[in-house]
Amino acid sequence: MTIGSAGSSIVVPRNFRLLEELERGEKGIGDGTVSYGMDDGDDIYMRSWTGTIIGPLNTVHDGRIYQLKLFCDKDYPEKPPTVRFHTRIKMACVNLETGVVEAKKFGMLANWQREFTMENILIQLKKEMAASYNRKLAQPPEGTYY
């Protein structure tokens, strides 16, 4: 996030940015079908995060609860976090063996911008679940994990 006007800008430091995201994640997002927070409250570098997506209606994902891990390295938000599904899922942008969201197959990670957030990633993944090429893919049994 940058703050400024008329061509001047101030880059918000990584930890302040992550504190903003933590606060927003704890308050809840939109309709409650997407949420996220820190994986380890003692991690002073705020690297390890957990996300949850409740599958979109009228898809094979409807009502399923998907858990994800997001890892924000020292270069975040300049570079995107690593995103990995913990719950098994079959989607065009997800590696079937590892659950990693492959940047080259997921536009938001491939075209990462500093302004994007973990919330944006989770919302976009939920939209991807509802896309025509993902909405009817046969899924692994519920309750299975990578």
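Just so it is clear, the values below take in all heavy atoms, side chains as well, and ignore hydrogens, waters and symmetry mates. In this text the structure is predicted, and so the values were computed from the model without any measurement.
- The closest donor-acceptor contact from the side chain of Trp112 to the backbone of Gly107 lies at 3.5 Å or more, if one exists at all.
- Residues Leu19 and Phe116 fall within the same hydrophobic cluster, defined by Ile, Leu, Val, Met, Phe, Trp and Tyr side chains chained together at heavy-atom separations under 4.5 Å.
- By the 4.5 Å heavy-atom criterion applied to side chains, Met129 and Ile89 are counted as neighbours.
- Using a 4.5 Å heavy-atom threshold, the side chains of Trp49 and Cys72 count as touching.
- Legend: residues meeting side-chain hydrogen bond (donor to acceptor under 3.5 Å, both in side chains) with Glu142, ordered by chain and number and at least two apart, are absent.
- At distances below 3.5 Å, not a single donor-acceptor pair connects side-chain atoms of Arg114 with backbone N or O atoms of Tyr76.
- Counting all heavy atoms, side chain and backbone alike, Cys93 lies closest to Leu125 at SG-CD2, 4.1 Å.
- Here the two rings, on His86 and Tyr146, have centers that are 6.0 Å apart or farther.
- Put simply, the side chain of Arg135 does not reach to within 4.5 Å of the side chain of Val60, judged on heavy atoms.
- Looking only at distances, a side-chain donor or acceptor of Gln139 sits under 3.5 Å from a matching main-chain atom of Leu137.
- With hydrogens and angles disregarded, a donor-acceptor distance shorter than 3.5 Å links the side chain of Tyr36 to the backbone of Glu21.
- For residues 81-95, the set of pairs meeting the salt bridge (Lys or Arg N to Asp or Glu O under 4.0 Å) definition, not counting sequence neighbours, is empty.
- Between the side chain of Thr87 and the backbone N or O of Gln67 there is at least one donor-acceptor pair closer than 3.5 Å.
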Worked verdict on Thr33 versus Lys126 for side-chain hydrogen bond (donor to acceptor under 3.5 Å, both in side chains)
CA-CA 9 Å; Thr33 60; Lys126 183 178 175 191; 2.5 Å; yes

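- The main-chain N or O of Thr50 is never found under 3.5 Å from a side-chain atom of Asp39 such that the two would form a donor-acceptor pair.
- No side-chain donor-acceptor contact under 3.5 Å links Arg47 to the backbone of Lys74.
- Side chains of Leu68 and Thr52 form no contact here, defined as non-hydrogen atoms less than 4.5 Å apart.
- Of all heavy-atom pairs between Pro80 and Leu109, the closest is CB-CD2, 3.6 Å.
- Between the CZ atom of Arg17 and the CE atom of Met46 there is a distance of 11.5 Å, given to the nearest 0.5 Å.
- Separating the CE atom in Met118 from the CG atom in Leu122 is a distance of 8.5 Å, to the nearest 0.5 Å.
- The closest donor-acceptor contact from the side chain of Asp75 to the backbone of Lys79 lies at 3.5 Å or more, if one exists at all.
- Between Thr117 and Asn120, the side chains place a donor N or O and an acceptor N or O closer than 3.5 Å (distance only, hydrogens not considered).
- Here OG1 of Thr98 is found 11.5 Å from CZ of Phe85. Values are rounded to the nearest 0.5 Å.
- Asn134 places no side-chain N or O within donor-acceptor distance of the main-chain N or O of Ala130, the cut-off being under 3.5 Å.
- Between Ile121 and Pro81 there is a side-chain heavy-atom pair separated by less than 4.5 Å.
- Lys136 NZ to His61 NE2: the interatomic distance, rounded to the nearest 0.5 Å, is 12.0 Å.
- Rounded to the nearest 0.5 angstrom, Ser35 OG and Ile54 CD1 are separated by 7.5 Å.
- Residues Glu26 and Leu22 are in side-chain contact: their nearest non-hydrogen atoms beyond the backbone lie under 4.5 Å apart.
- The closest side-chain heavy-atom distance from Met38 to Asp43 is below 4.5 Å.
- Annotation: Tyr45, atom OH; neighbour count of heavy atoms from other residues, nucleotides and ligands within 6.0 Å does not exceed 12.
- You'll find the side chain of Val100 stays beyond 4.5 Å of the side chain of Val83, heavy atoms only.
- Interatomic distance, Ile53 CD1 to Gln124 CD, rounded to the nearest 0.5 Å: 10.5 Å.
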